[in-house]
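All values reported here derive from a predicted model rather than from experimental measurement. Position 1 is the first residue of the sequence, and the numbers go up from there.
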Amino acid sequence: MMNFRQLFAIVLTVAIVLTCLSGCPAAPATPTTQPTQITTDPSTLPTTLPTEPSTEPSTVPPTEEATEPSTEPVTETPTDDPTEPKPTQPPTEPTEPPPPEPWSSQTVYIGPDIPGMTVKKAFVFDCSSETYLYQKSELDAKLYPASITKLMNVYTALKILDLDTVITVDAGMMSIVPGDTSKAGFYAGDKMTVYNVILGTLVASGSDAAHILGVSAGRVLAGDPNLPAQDAENLFVEEMNRQVEYLGLINTHFVNCDGYTDYYHYTCMADLVTIATNCLNIPTIRDTVCNHKIKMYYADGRYRTFTSTNYLLNPKSSFYRAEAQGLKTGTTNAAGACLLSAFWVNGRYILIGVFQGPTFNSRYQCATKLFDYFKDTPVSEPTDPSEPPTEEPTEEPTLEPTVDPSSEPTSEPTEESSSESTEGPSTGPSSEPTENASESTEEPIPT
């Protein structure tokens with residue numbers, strides 16, 4: 001028989017089972033927790049739903065994409081920084097710093113208003129009174145001298161070379177002559193004296209002649225006749241710049257000996273006045289630049305006739321002026337049409353410079369306008385502004401040409417044309433330039 005304790009345990013167990021079975025359908029615990037989350041925090045759904053989808057894409061792709069692009073730009077920034085090396089590249093060409101433009105603010109535009117002055121820069125300087133009668137643009141403003149450089153070339157070479165020294169042209173000299181410049185017509189193997197090379201430099205405006213002088217003088221400076229042409233010319237150009245310093249020119253610097261355009265090859269009108277007056281004091285230069293035509297002789301006796309590129313000296317030109325005594329022409333794209341001229345009037349020199357002309361003949365048109373206007377200007381003596389002017393003129397002689405300017409230009413021998421065609425090289429200039437000659441007859445524009 002079952003005792004009371006066993007019966008009570010069975011009943012209790014059945015009651016517990018029935019209680020559990022009856023309580024399962026209700027299960028109020030889970031439904032009550034869910035509605036409480038929704039009702040008590042309804043904003044959690046909108047905030048969690050956007051954040052969860054957005055955080056997942058942002059955590060997976062962005063972490064990979066953000067790291068790669070962020071590192072790549074960092075590697076590209078140094079490649080973009082070649083903008084920093086750029087400033088270091090220009091100074092590597094020449095060592096000198098670029099010249100300021102202009103260097104100072106001197107007086108601009110003095111003298112009368114002369115119509116038709118198409119050149120950008122011009123001056124008229126009276127050597128007797130040492131005064132400027134006319135000025136257009138700053139006197140110390142930068143300009144490119146083009147072939148006017150050849151005046152300083154010859155001025156410097158004459159301090160190193162003897163006129164009677166025979167030069168033998170070699171291939172090295174010819175190799176450094178730019179192909180797009182004017183030529184006197186010299187070739188490797190030619191032999192002639194320094195004087196005859198000077199004629200080709202100043203009268204024919206030959207860049208080949210200018211480089212022959214520069215290399216020859218540079219080798220003498222170095223004491224090495226076999227010095228490579230470019231090294232010799234570099235020494236000579238350094239000497240040109242030393243002469244510039246001796247003359248007290250602070251706004252002039254040369255890079256080559258023929259005037260080929262270079263940013264570091266420049267001068268100004270005030271410095272050109274000093275160069276011109278010093279050149280006129282040297283008989284070899286003074287007596288050369290005044291010739292419309294002149295013979296050049298080779299060492300073997302052959303000769304050619306050079307014709308000046310300066311139309312002021314050409315009796316057949318409408319720009320001819322009997323008082324003109326030179327000095328030098330120049331033409332490049334950067335410099336425009338230039339002319340530095342000297343006139344012997346009333347016992348003194350008048351220097352006229354015109355620069356940056358728009359056309360080949362504009363330099364002659366402007367130079368003759370200025371000369372015709374100022375040629376009858378009375379001679380005055382230089383005065384000190386701090387002292388009252390004196391009425392007594394000084395009797396010190398001014399610069400005078402060796403050849404009388406009033407005399408007729410020398411005529412060439414009648415046999416010149418026949419002997420030139422048979423004895424001289426065919427490349428030499430044998431005819432006078434016409435007024436409408438192209439720009440290439442004087443100095444071709446470099447491309």
Side-chain angles (χ1 to χ4, degrees), residues 91 93-108 119-125 127 130 132 135-160 201-202 205 207 210-211 213-214 217-218 221 233-282 285 289 326-332 334-342 351-356 363 443:
E93 296 178 359
T95 55
E96 281 76 14
E101 299 182 40
W103 290 276
S104 66
S105 55
Q106 280 196 356
T107 307
V108 185
V119 295
K120 292 184 179 180
K121 301 177 186 293
F123 72 82
V124 178
F125 182 80
C127 290
E130 298 181 356
Y132 289 90
Q135 175 186 332
K136 183 177 181 181
S137 183
E138 299 90 341
L139 290 174
D140 57 356
K142 172 185 175 181
L143 60 84
Y144 294 109
S147 282
I148 297 175
T149 302
K150 292 165 186 172
L151 280 174
M152 198 64 194
N153 175 319
V154 174
Y155 177 87
T156 305
L158 286 173
K159 296 182 178 296
I160 304 168
T201 305
L202 295 181
S205 190
S207 288
H211 286 279
L213 274 182
L221 287 172
E233 183 171 296
N234 291 342
L235 284 177
F236 177 72
V237 173
E238 289 178 9
E239 183 60 30
M240 287 176 64
N241 288 319
R242 272 191 288 271
Q243 294 299 322
V244 164
E245 293 179 6
Y246 295 155
L247 294 176
L249 311 182
I250 60 174
N251 296 331
T252 297
H253 183 264
F254 297 116
V255 174
N256 53 65
C257 59
D258 65 344
Y260 200 82
T261 301
D262 187 287
Y263 184 80
Y264 295 88
H265 189 102
Y266 55 87
T267 187
C268 67
M269 293 193 294
D271 287 358
L272 284 176
V273 168
T274 303
I275 291 174
T277 53
N278 279 273
C279 286
L280 288 170
N281 274 319
I282 299 177
I285 298 178
V289 295
L327 291 164
K328 191 70 192 69
T329 58
T331 309
T332 62
C338 306
L339 175 64
L340 180 60
S341 52
L351 301 178
I352 296 179
V354 289
F355 310 94
Q356 297 179 11
R363 53 184 163 186
E443 189 177 354

Partners meeting ring-ring contact (aromatic ring centres under 6.0 Å, His included) with F123 (sequence neighbours left out) =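 For F123 there are no ring-ring contact (aromatic ring centres under 6.0 Å, His included) partners, ignoring immediate neighbours.
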Return the set of residues passing ring-ring contact (aromatic ring centres under 6.0 Å, His included) with F254 (not counting sequence neighbours), or none when no residue passes.
->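 By the ring-ring contact (aromatic ring centres under 6.0 Å, His included) rule, F254 matches H265.
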Is K136 positioned over the aromatic face of F355, cation under 6.0 angstrom from the ring centre and no more than 45 degrees off axis?
->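 No cation-pi geometry.
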Is any side-chain heavy atom of [X] less than 4.5 Å from a side-chain heavy atom of [Y]?
X: V244; Y: T267; value: no
X: L272; Y: L143; value: yes
X: N278; Y: I282; value: no

Can you name the nearest heavy-atom pair linking [X] to [Y], along with the distance?
X: C268; Y: T252; value: N-OG1, 4.3 Å
X: R363; Y: C338; value: NH1-O, 3.0 Å
X: D140; Y: N251; value: CB-ND2, 3.2 Å
X: A146; Y: T332; value: CB-CG2, 3.9 Å
X: T201; Y: L213; value: OG1-CD1, 3.7 Å
X: C257; Y: V237; value: N-CG2, 4.1 Å

Keeping [X] on the side-chain end and [Y] on the backbone end, is there a donor-acceptor pair under 3.5 Å?
X: N153; Y: A210; value: yes
X: K121; Y: Q356; value: no
X: S147; Y: T329; value: no

Run the side-chain contact (heavy atoms from CB on, under 4.5 Å) test against [X] and tell me which residues pass, sequence neighbours left out.
X: L235; value: A222, L227, E238
X: A217; value: I160, L161, F236
X: C279; value: L151, Y155, I275, I285

Working to the nearest 0.5 angstrom, can you tell me the gap between [X] [atom1] and [Y] [atom2]?
X: H253; Y: D262; atom1: NE2; atom2: CG; value: 9.5 Å
X: L202; Y: L327; atom1: CG; atom2: CG; value: 9.5 Å
X: K159; Y: M240; atom1: NZ; atom2: CE; value: 13.0 Å

Will you find, in the side chains of S205 and K150, an N or O donor that is under 3.5 Å from an N or O acceptor?
->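 Per modelled atom types, S205 and K150 side chains form a pair under 3.5 Å.
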Any side-chain donor paired with an acceptor under 3.5 Å for T149 and K328?
->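 No, no side-chain donor-acceptor pair sits under 3.5 Å.
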Can you check side-chain contact (heavy atoms from CB on, under 4.5 Å) on M152 and L249, steps first, answer last?
-> CA-CA 12 Å; M152 198 64 194; L249 311 182; 5.7 Å; no
Taking side-chain hydrogen bond (donor to acceptor under 3.5 Å, both in side chains) as the test, write out the residues that go with Q243, two or more places apart.
->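 side-chain hydrogen bond (donor to acceptor under 3.5 Å, both in side chains) list for Q243, sorted by chain: E239.
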